[in-house]
K.L.:
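For reference, the structure I am asking about is given below.
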Amino acid sequence: MSEQEISEEETLHVAHLARLGLSGAEVKSFSKQLSAILQHAKDIATLDLDDVVPTKHAISLMNVMREDTVGDSLDRDEVLASAPEAQSGMFVVPKILGES
Amino acid sequence: MFEEQGFLVTIGLEVHCELLTETKLFCSCANSFGQVPNTNICPVCLGLPGSLPVINSRAVDFAIRIGLSLNCEIRPSVFHRKNYFYPDMPKGYQVSQYDEPICVNGYLELPSFDKKVRVLRAHMEEDTGKSTHIGRIHGAEKSLVDFNRAGVPLVEIVSEPDMTSADEAREYVSELRSILVASGATDGKMEEGSLRVDANVSVRRVGTNELGTRCEIKNLNSLRSLGRAITYEAKRQIEVIEDGGAIKQETRHWNEDQGRTSGLRSKEEAYDYRYFPEPDLTPLAPSNELVDAIRSQLPIMPPERRNRLRLAGKSENYTRSELEQIQTCVNFGSDEMVLLAVSKGVPFKLALARAANEVTSIFADDPTVIDPGKFVELVSLEASSALSATQSKAVLAELAVEPTKDVKVIIAELGFVGLSADELAQIVNELIESNPKEWLRYVEGENQLGGFFIGKAMKVSNGKINGREVAQIMERRRNDILASR
Amino acid sequence: MDLGAQEIADLVKSSKVSATQVVEAHLDEISRYDSRVNAFLLVMAENALEQAKRIDVRRSKGEELGPLAGVPIALKDNMAVSGFATTCGSKILEGWKPPYTATAVKRLVAADAVLIGKTNLDEFAMGSSTENSAYFPTKNPIDPTKVPGGSSGGSAASVAARFTPIAIGSDTGGSIRQPASLCGIVGVKPTYGLVSRYGLVAFASSLDQIGPFARNVQDAALALQVLAGHDDRDSTSIPGSHFDNSFTDRVAGLRIGVIQEMTTGISGAVEHTLNDAIAFLRSMGATVEAVSIPSTTYGLSAYYLIAPAEASSNLSRFDGVRYGLRVPGADITQTYEQTRAEGFGAEVKRRMMLGTYALSAGYYDALYGRAQKVRTLILDDFAKAYGAYDVLISPTSPTVAFGLGDKTDPLAMYMADVCTIPSNLAGHPAMSVPFGCDEAGLPIGIQVLAPAMGEQIMFSVAQSLQNGAAKPAVPVWRRD
Ligand SMILES: [Zn+2]
C-alpha cells in the first residue's frame, strides 16, 4: 500500500464489480478522491500487525441460532406490487447474459 | 479408457445437497419443493432492506451429520459473504462458509474400486432463487424470477481430484447419495435438484505429474449425465491438446440432448467475489457434546453395512457379481435380513442372492413391506431343501401381495408342501418302470438323464417335489445297483 | 412545546392532557416551522392522530399506559415502519413501503409512543451534515445557515427545534452523537447489540446501532430503556440485555480519563468547553486526568475501510429487481449499472467504490484485513484505559456546526467523525451532552465514553455534566 494511486482503468473495474455506471467525469473524480482517501489510510500500513488477530465483531457472541419452525410468509401480491415489473406471480428482469 | 491414447483423466466433484429442514437456512419460510412461485418468501430471504438472518439450528445439525458420515473433522466455522450480482440472488451476495467450513478432511470409499476419495470440505451455504428465460415481452428479452428456493439450506461437499474415470465419478456420487440419505440430512433426489453435481475435469499426458487445466462442468442432473459429460469432456480436452491447443479454465454447460459440453456464453469476467465475514451472523463452534450426541444418533452407514455383509460371508475373494449383490442389498436396505438369515444358519450366498435379486425386484416399491423374520423362515426352508428355488421365489411374490400372511400357509396354499418319502419313492419307481431305456443309460453314467427324470417327476407331481430330493433317490438306487453287480 | 418526554408521559398517564392534544400541538409546530428546518421527509399526521386516539381510549378505560404514553417520536428514515415509505434519503428507494416494522419501532409503539414522522438523513446514513440526502438538506434549528450534522441530522433537528421531545437515529461512526453536539441536544449510541438492528436498513452491519436523541439526559435514558432488549431476529443482539433507567448524577470518586488524542486539532471554542467540563467534573469530586489511547488515531483510517466495505455489500441488494427504482437497460448488467448510477448519490457511490476496492482481490489483506486488526488494537487500548478509569471523555466534534455547503472535500468531511468513530469500532457505548457554546451561540457537546454495557455509569456522568451545562440553545425563531 505504498503509493496507492488508483488509475482510471482500476476505477472502471471496481465500478463494474459494484455495478455502478459512472460518467467520464465521475471516473476522473473518483480516481482522484479514492487515491486521496487511501493515501490518508496509509497510516495503518506502517503498523506492525503481524501478531494481531483481526476483530470481525466488537461483541463475541457464538452459536446464535433459531429453532427450525415454520413462520409466516409475505403475501405474494403485496410483494410483487412494489416490484418494478412482475408477471405470472414472478419478478420480471431483463435478459440475463448466459441464458438463452 | 484414455490411457491407450496416452492420457490420464482427473476428476474432482462438488456436490450440492439440499437439507431436509422444515425451514430455510436464515428465515422461517418453509423449505418445500414445487410450491406456487414466490409464496415461501419473507423480508429475510427476499433481501428486503433492514432484514437480518438467523441460523437454523437443524441445518447445522444436518451439516454435522453429513460431516461425520463422511469421516470429517467438525470445526468452528464462520459464514462469509460471497459478493456478486445475479437476479436470482436477492441480497447481491450469497452467504457461505468459504475458508472456514464446518467439516473438513474426510473421505469416502468407492466400494468396487477399493479406493478412498478424499473429501476436502463440506460447508453450509444458502441456495439461490430460480430464473427462467421466457423470451420477448414488449420486444425485449426477459426472464422470470421465483424466490421460493432462495435461502434453502445447502451443504456443498467438495472432493479432492482423486477420481480417474467416469465410472469412479458415478460410483462416488452414488455412494455419496446413499450415505447422505442414510444420514437423514437429505432426500438425495437428483431429479428434483436436491442433489446437484458439478464436475472438475482435467487431462494430462501419461508420465506427467502436474494436473492439467481443469474445466468445471455444470448441469449434471443424473448419474448418466455425469458419466457421459465426463467422457465427452475428457475426449474434447484430449483433442484440443493433441491439436496443439491449450485448455482454457472455464465453466462449461452439459447439454444432455446434444451430448456435449459448451463454454458458458458469459462476458469475459474476472471473478472477484470479495469474500468477507458475514457481520450479521455469529461464528459457529459446535461443542464436543453436541457432535458426540449427533454421532450417537447416526445410523450405520453404507460402508460399514457393506463390511458387515462381507464379514458374514467369510470370504476373502468375492466375485464381481457378489460384490454387486452386496452393494445392492446395502443400497436397498435388505442387508439386515441377510445378516439375520446367516445368523440362523442359512448359507450366505443363498441369503445374499435372494435379498439382492428377488427381494429388490419383488419389493422394489417399498422395501419395508417384507418382514425379515419371514424372509429368514423362507430361505431356511430353501436351504434345507424343503423348498426349491422356484418355489421359494413364488412364496416371496405371494408375500408381496399379502405381507402379513404366514409363510407356512402360503406354502400349503401353493401346494408346495413336500411329499412324504414313500410317495416320492413311489413316483420314482413308476418313472423307472415306464422309462427303462433312459434308466439304464443313467445307471451306465449318463448323468444328464437325471434332469430328464426330475422333469418328469415335476410334471406328475404338479411341481410339488423338490428336484434335489428326486436326484438323491435316483443316486441311491444307482449306487445300490452298481454295488450289487 | 417545550415539554420533555417524561413530563408528557406523566400528564397523559394522569389524564391531565390527552395524547391527542399532545400530538396535535406537535403536528402544529411541525407544520408551522419545519419549512425553516426541513427535518421531516414524511409527517405521519393521520397515523399519529389515530395512534393518539387509541391511547386516549385505553386511558379512559382505565388501562395502564406504557412509559412513553403519548410521547411524539420522530424516526430516522432508515427504519422500517410497515406500510410507510422508507427512503433512506435515497432515490433508489423512492416509493418503497416495507411490509414489516423494525423491532426498535415496535418497542416504541408498545410503550405507547406516537410515531409522528420520518426524518431526513444523509443518503443511507453516509455523511456528517445531512447534505447528502437525495431530497433536500436539513438545516440546524439553532442557526439555519449551518448544517445540523449527520447523518441523523433530521432527527437531531426535530428534537432541537422542539418538534418532538425524542427522536431516534442510527450511529455507525458518530451519526447520533455528532448531530446531537451540533444541535445542542443529548444523543446516545448504546453498546453494540443492546438495541435490535432488525428493520434498520444496514449501512455497516458490524458498527450500526440505533439510539435516541432528547433534550435532556433523563428523556434519553427513558427512550433507551424502551429501545433496549434482546431480539431473536437479530443474531448480534446481546442475550438478556436491558437498560435500567435508574442512575444518579454523582461523579464524586469517579476516575475520568480525557482522551489526549482527541484534544488535538479541535477548535478553540471546543477546547474551552472541554476545559470547562473537566473543571466542573473535578469540582463535583471526580478525578479527571489525561489518558492516551494511541490506536484511536488510526480509527478514522480503519473506519473508512471497514464501513465502506460492509456498505458496498449491504447496498448490493438495491438492484432494481424486487423493489425500488429500475432504469431498464438492454440486459440485466446494463440495468444494474444504470439503476444504481441513477439511484445513488455521489457520496454513496464514492463509499461503495472505496469498499469494493478494499475487499477486492489483492487488496483485502492490506486494506480490510489490516483495518480489522486495527480494531483489535483499539479494543485492547480501551480495555487498558478502562483498567484505570471508569469513564472517558472527549469533545464529540472537533468543531461547532459548519455552514451549509462549506465542506466540499470528502476527506475533510470524514474528519468530522474523528472523535466518535473509535466507540463504534469497539462496540462501546458513548453519548454526547451539550455543555457550552461558541461566541456565536453554536452548541458544543461533550462525549462520554464507557466500556461495553457501561451505560449506567455513562448516564451518571452525563447527568452530572447536564447539571453544570450552559443554558440549552433554542431555535432561532423561539429566542425572544
Ligand atoms: Zn424467508
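In this text, all values refer to a predicted model and were calculated from it rather than measured experimentally. Numbered from 1 within each chain, the chains take letters A, B, ... in sequence-line order.
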K.L.:
For C:D171 and C:G174, which heavy atoms make the closest approach, and how far apart are they?
P.N.:
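Closest pair (atom of C:D171, atom of C:G174, distance): OD1-N, 2.7 Å.
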K.L.:
Please determine whether a side-chain nitrogen of the Lys or Arg among C:D234 and C:R197 lies less than 4.0 Å from a carboxylate oxygen of the Asp or Glu.
P.N.:
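Salt bridge present between C:D234 and C:R197.
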K.L.:
Hey, which of A:T11, A:V79, A:L47, A:L74 has the most heavy atom pairs under 4.5 Å with chain C?
P.N.:
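Counting heavy-atom pairs under 4.5 Å, the top option is A:L47.
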K.L.:
Angle class for the C:Y368/C:Y364 ring planes (parallel below 30°, perpendicular above 60°, tilted otherwise)?
P.N.:
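Ring orientation of C:Y368 relative to C:Y364: tilted.
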K.L.:
Taking side chain as everything from C-beta outward and backbone as N, CA, C, O, which of these in C:A358 sits under 4.5 Å from a heavy atom of chain A? Side chain, backbone, both or neither.
P.N.:
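Neither; nothing under 4.5 Å.
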K.L.:
Non-hydrogen atoms of chain A under 4.5 Å away: do they reach the side chain of C:T236, the backbone, both or neither?
P.N.:
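Answer is both: backbone and side chain atoms of C:T236 are under 4.5 Å from chain A.
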K.L.:
If you count heavy-atom pairs within less than 4.5 Å of chain C, which of A:A18, A:P84, A:A83, A:A86 leads?
P.N.:
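Most heavy-atom pairs within the cutoff with chain C belong to A:P84.
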K.L.:
Between C:K349 and C:A341 (side chain of the first, backbone of the second, donor and acceptor by atom type, cut-off under 3.5 Å), is there such a pair?
P.N.:
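Between the backbone of C:A341 and the side chain of C:K349 there is a qualifying donor-acceptor contact (under 3.5 Å).
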K.L.:
For the residue pair C:F318 and C:F124, categorise the inter-ring angle as parallel (less than 30°), tilted (30 to 60°) or perpendicular (more than 60°).
P.N.:
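Correct class here is tilted.
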K.L.:
Are side-chain N/O atoms of C:S206 and C:E310 paired as donor and acceptor at under 3.5 Å?
P.N.:
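Yes, a side-chain donor-acceptor pair sits under 3.5 Å.
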K.L.:
So that I know where these two stand, are C:Y414 and C:Y304 an aromatic pair - ring centroids less than 6.0 Å apart?
P.N.:
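Ring centres of C:Y304 and C:Y414 closer than 6.0 Å.
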K.L.:
What part of C:S312 gets closer than 4.5 Å to chain A, counting heavy atoms only: side chain, backbone, both or neither?
P.N.:
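Neither part.
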K.L.:
Who in residues 21-29 of chain A is close to chain C, using a strict under-4.5 Å heavy-atom cut-off?
P.N.:
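Residues in range: A:G21, A:L22, A:E26.
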K.L.:
Write down the atom of C:D381, the atom of C:S295, and the distance for their closest heavy-atom approach.
P.N.:
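For C:D381 and C:S295, the tightest heavy-atom pair comes out as OD2-OG, 2.7 Å.
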K.L.:
With a 4.5 angstrom heavy-atom cut-off, could you sort out which part of A:L20 is near chain C: side chain, backbone, both or neither?
P.N.:
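Both parts, backbone and side chain.
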K.L.:
Given a strict heavy-atom distance threshold of 4.5 Å, which part of C:T297 is in contact with chain A: side chain, backbone, both, or neither?
P.N.:
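Looking at C:T297, just its backbone touches chain A.
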K.L.:
Hey, what do you get for CG (C:L411) to CD (A:Q33), rounding to the nearest 0.5 Å?
P.N.:
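Separation between the atoms: 10.0 Å.
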K.L.:
Measure the spacing between CZ of C:R351 and OG1 of C:T356 and express it to the nearest 0.5 Å.
P.N.:
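Nearest 0.5 Å value for the CZ-OG1 distance: 13.5 Å.
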K.L.:
Given that the side chain runs from C-beta out, which part of C:P410 has a heavy atom under 4.5 Å from chain A: side chain, backbone, both or neither?
P.N.:
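C:P410 touches chain A through side-chain heavy atoms alone.
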K.L.:
Looking at C:D232, C:T191, C:L377, which makes the most heavy-atom pairs under 4.5 Å with chain A?
P.N.:
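Result: the option with the highest number of such pairs is C:L377.
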K.L.:
Show your reasoning for whether salt bridge (charged side-chain N to carboxylate O under 4.0 Å, His left out) applies to A:E85 and C:R326.
P.N.:
CA-CA 9 Å; A:E85 195 179 349; C:R326 174 189 291 182; 3.4 Å; yes
K.L.:
Run C:H230 and C:S241 through side-chain hydrogen bond (donor to acceptor under 3.5 Å, both in side chains) and show every step you take.
P.N.:
CA-CA 6 Å; C:H230 178 73; C:S241 63; 5.4 Å; no
K.L.:
Using 0.5 Å steps for rounding, measure from the CD atom of A:E8 to the NZ atom of A:K32.
P.N.:
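It is 9.0 Å, given to the nearest 0.5 Å.
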K.L.:
Please state whether the side chain, the backbone, both or neither of C:L425 comes within less than 4.5 Å of a heavy atom of chain A.
P.N.:
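For C:L425, backbone heavy atoms alone lie under 4.5 Å from chain A.
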K.L.:
Which bit of C:T335 is near chain A, if near means a heavy-atom gap under 4.5 Å: side chain, backbone, both or neither?
P.N.:
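For C:T335, the contact with chain A is made by the side chain alone.
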K.L.:
Is it the side chain or the backbone of C:A426 that comes within 4.5 Å of chain A heavy atoms, both, or neither?
P.N.:
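Just its backbone gets close to chain A.
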K.L.:
Please output the side-chain donor-acceptor pairs of residues 92-101 of chain C that fall under 3.5 Å, not counting sequence neighbours, one pair per line with the distance.
P.N.:
unit_1	atom_1	unit_2	atom_2	d
C:Y100	OH	B:P49	O	2.2
C:Y100	OH	B:S51	N	3.3
C:T101	OG1	C:S82	N	3.0

K.L.:
Looking only at heavy atoms and a cut-off of under 4.5 Å, which of C:N424, C:L379, C:V321 has the most pairs with chain A?
P.N.:
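Between C:N424, C:L379, C:V321, the count favours C:V321.
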K.L.:
Heavy atom to heavy atom, less than 4.5 Å: which residues from residues 55-64 of chain A reach chain C?
P.N.:
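Answer by number: A:T55, A:K56, A:H57, A:A58, A:I59, A:L61, A:V64.
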K.L.:
Heavy-atom distance under 4.5 Å to chain A: side chain of C:M415, backbone, both or neither?
P.N.:
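Contact with chain A: side chain only.
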K.L.:
Got more than 12 heavy atoms from elsewhere within 6.0 Å of CZ, C:R233?
P.N.:
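Open: at most 12 neighbouring heavy atoms sit under 6.0 Å from CZ of C:R233.
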K.L.:
What pairs of residues pass the salt bridge (Lys or Arg N to Asp or Glu O under 4.0 Å) test when at least one of them lies in residues 64-84 of chain A, not counting sequence neighbours?
P.N.:
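Non-adjacent pairs meeting salt bridge (Lys or Arg N to Asp or Glu O under 4.0 Å): A:D68-B:R58.
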K.L.:
Relative to chain C, which segment of A:V93 carries a heavy atom at a distance below 4.5 Å: side chain, backbone, both, or neither?
P.N.:
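Both backbone and side chain.
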